[in-house]
Amino acid sequence: MTRFAIPIAVFVALVALLGVGLKLDPREVPSPLIGKPAPHFELPQLHETSKTFTERDMLGKVWVLNVWASWCVSCREEHPVLLDLAASGAVPVYGLNYKDKREDGLAWLKGMGDPYELSIYDFDGRVGIDYGVYGVPETYVIDKAGVIRYKRIGPLTPQIVKEKVLPLVRELERA
Amino acid sequence: MPRLLALLPLLFAASVAAKEAAPAAADPALEKRVMALAEELRCLVCQNQTLADSNAPLAEDLRNQLREKMRQGKSDAEVVDFLVERYGDFVLYRPPLKATTVLLWFGPFLLLALGFAVLLRRVRRRRQAADTEISDADKKRAAELLAGREPR
Amino acid sequence: MIPELGQVALALALCLALAQGLLGLLGAARGEAVWMAATRSAARGQFVFVAIAFACLTASFVSNDFTVAYVATNSNSALPLHYRVAGVWGGHEGSMLLWVLMLSVWTFGVTLFSRHLPQEMVARVLGVMGLVSVGFLLFILFTSNPFVRLFPAPPDGRDLNPLLQDPGMVMHPPMLYMGYVGFSIAFAFAVAALLSGRLDAAWARWSRPWTTAAWCFLTVGIALGSGWAYYELGWGGWWFWDPVENASFMPWLIGTGLIHSLAVTEKRGAFRSWTVLLAILAFALSLLGTFLVRSGVLTSVHAFATDPTRGIFILALLVIVIGGSLLLYVWRAPKIGLGGDFEPLSRETLLLANNVIFSAAAGSVLLGTLYPLALDATGLGKLSVGPPYFEIVFTVLMTPALVLMGIGPLARWKKASLPDLASRLRWALAAAVIAALALPFAMGRWGALVALGLLLAAWVAASGFVQLYEKVRNAAGGASAWARLQSVPRATYGMLLAHFGVAVFVVGVTLVKGYESEKDVRMEPGDTVELGGYTFRFDGVRDVQGPNYVAGRAQIAVTRNGSLVTTLYPEKRIYRVQNQPMTEAAIDTGFTRDLYVSLGDAVSDTAWLVRVHHKPFIDWIWGGCLLMALGGALAASDRRYRLAARRPQEQYAAAAAR
């Protein structure tokens, strides 16, 4: 008798799953690097090509790494948010210029404003790959020990900054 | 005149140009290995294509990484680990066997085994059920019919 | 004017569908003959108005009416006429209208070919289909209206996706939808049976031809999709286990189980609750497929413009239609009864095993397709399930099915004998083993997987010949073999042909996967490359102009042993409007192999990257599917369905009164 109820039971579970699925984004690839040390890099800076920058320079500080490119349309969307974040002084923002032409990157920053303490120049995208970048823009929050604590895939919005980034930064600063 | 002479070798080259085409890749054997692995990996940008087939810039970059690592002597497993460290299991079209995928890998065979088990049980039980299906009144009727009498 | 006319027609169709649903179901419940008779008229009226709406949309496309938003996003004035018509179903809204058109066409068919069925049953079937129509018409009118206007009208349209500008692509959705929607008839019959409490062999006989016909269309639709992907997408593959491909494959698998289950219910009155459940599940999976493609829940090459609102609506439709029928199943199925009795070894058991295998296969495809979603939803991570998984699972599951396919048709109903079967099949087994051991060498090298595939295919084919031989030998037609051949029922030929088609399909898949080869080369004009015994010579690239594209067209001369086999012209096209590049592969089709050439990028002024493939026996894949569909068509057109047989009806009715 109860075996006739198996189909509807399975169906209910299926519908529940599909209902939840409507709210999820199947295209998003969450990062396995969260909670792991930020991959090492040493790259030339965008503005001062003779100088390099490595993530080790930032040990002991909480910081934000934003991956951007002049050819990236969504980066324009989030740029004002970055400018505000940088201006607030809550956390230093560093840029990773991903697979871009140096002149284009510099011109873009000149025209749109430069929120970054400095930008590093990742010409062939290798550092991007090490950080699991697959779609620009992406933003990382890294703690004092150099561990990645949060990754935002897609443009930053004021809401995300307010609800996720700033509280996390405050918490990490206290540690 | 010297200019024309300088062109001569080119003309020669053009006329003997019909030759066996060179493989597109610098190292065909390595390329075969790269592509075989890339067929099992997912492109993160064009997420419905394999890494082998996608034309996305990131796919090109990742294929280059594959080539480089394999040239350095890394095994397939090591290259896969490299990618999974950075992009997670999402990049694998062949889901790894771990605690969270046991149901995935064994589910189909469990389903089949379960189905067959239920089938066997029902078929056996059906035989027993058939024996007791006829009611007593029917049995009486049957007996009378068989004896040639009209059933009441 | 015309779009508004279309919209009004849709609204009228909705009213008629509602009338059809209510009149049919209430009329049957209350025994009101007038209402039941009126259901037929309402159904026909619904068809007329849906057809009018579809005609209006087609007219808007043909006349390049860019004030209609849907036309503006899916068409262009430079688009050739036949693609403007195909554009009608090129996007979400239009394809939903196509779906509803198919549903009304099938409904109309039921009104025409159901004279011999009891009025109550027809009324219920039409009633259920009417309610399903209501659901879809509401969906269209409220969330996916193709007649929405666009002001100001753009000067020209955004063009049909270049990938869709192709004959195969034109036919694929209509065939597929005929299949999906056709299963709604089997579903309606099942629900009608549950409602009336009457589920007997006669019911099975009535619903069988409809179900088989739907299955045929679905087979053709899937084959077209696969064939199109092969020649259009340029990667040489033909099945990717993409969520949308799986969405069409699951109803096919359950549908196959269903047509076999119906055979048993018709002949022996057994498997009733199984058959009803399979009928509900087949249509449920069709609806699920619609949901998966249009809701954005899964990524797919195929996904229409996704919209969670639409997703919610379709989910609600799923809940009402399938949830409702499964509840009905819980309530009424226990009363259906057991049906004919049979031994552990009998054709019934073998067919029941077939049911189990196909259901497990469909369940596995569903598992693999939804597993990433399940893990994501429970926060357990994100993974991908792709061809490596499905290929392993599916091949392992289908192997026993292929073995059974050789034995089942030879086993007797009710009680079969193992020694008897073994002796009848021993030559078939021998032939299969020889084929497995010897044929791979003919292809070049022996491989275990290839041998297994050939073993199974040869087994199915050889046992098919044994069946045919026995049928003809035992047939009643008289002394002459020809007369005996003619006396074998069409349905038997249908079965034999369809099973043979499966064997052909397996041969195609096995040999292509085992022996296909490709070479990726850089070619200057005059360069040659050798593959599979053929020599390909690159003769340069010319610029050509198409109706709505520009292309670089390469000329490749293919020779074998010095003589010219064919000249191939692969292209790299850029469609002007969307500025989208596309590779158009050139294929030389042959009975024993395909030669497939695709043009890559130019690497210098004269040199291009070219990829050549040699694909042995690949057309046997689609040839096999075609044979399967033909077999199904033969079976569906067997004369016992076409004759209004009254006497058997009474016999079955008496048996059902237990």
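By convention in this document, chain letters (A, B, ...) are assigned in the order of the sequence lines, proteins followed by strands, and residues within each chain are numbered from 1.
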**Fill in**
Checking heavy-atom separations under 4.5 Å from chain B, one finds in residues 135-166 of chain A none

**Whether over 12 other heavy atoms sit under 6.0 Å from A:F123 CZ** = no

**Part of B:E85 within contact of chain A (heavy atom distance under 4.5 Å)** = backbone

**Under 4.5 Å from a heavy atom of chain A, the part of B:E60 involved** = neither

**Asked** Are any of the side-chain heavy atoms of A:D130 and B:F82 separated by less than 4.5 Å?
**Response** yes

**Asked** B:N64, B:V45, B:V84, B:D61: which one forms the most heavy-atom pairs within less than 4.5 Å of chain A?
**Response** B:D61

**Request:** Determine which residues belonging to residues 51-78 of chain A lie within contact range of chain B, meaning some heavy atom pair is under 4.5 Å apart, and list them by number or answer 'none'.
**Result:** none

**Prompt:** What distance do A:L33 atom CG and B:R86 atom CZ have between them, rounded to the nearest 0.5 Å?
**Reply:** 7.5 Å

**Prompt:** Got A:V29 and B:Q47 here, is their nearest side-chain heavy-atom distance under 4.5 Å?
**Reply:** yes

**Asked** For atom CG of B:D81, is the number of surrounding heavy atoms from other residues, nucleotides or ligands below 6.0 Å larger than 12?
**Response** yes

**Request:** Kindly give the heavy-atom pair with the smallest separation between B:G88 and A:P32, and that separation in Å.
**Result:** N-CG, 3.3 Å

**Message:** What part of B:V118 gets within 4.5 angstrom of chain A, counting heavy atoms only: side chain, backbone, both, or neither?
**Reply:** neither

**Request:** Side chain from CB out, backbone as N, CA, C, O: work out which of these in A:P26 comes under 4.5 Å of a heavy atom of chain B, or both, or neither.
**Result:** backbone

**Item:** Atom group of B:F90 that falls short of 4.5 Å from chain A, counting heavy atoms
**Value:** side chain

**Fill in**
Among residues 84-99 of chain A, those lying within the under-4.5 Å heavy-atom range of chain B are A:Y98, A:K99

**Request:** Answer yes or no: is there a donor N or O on one side and an acceptor on the other, between the side chain of A:Y134 and the main chain of B:C43, under 3.5 Å?
**Result:** no

**Request:** Identify which part of B:L58 has an atom lying under 4.5 Å from any heavy atom of chain A, answering side chain, backbone, both or neither.
**Result:** side chain

**Prompt:** Just checking heavy atoms, which of residues 17-25 of chain A are less than 4.5 Å from chain B?
**Reply:** none

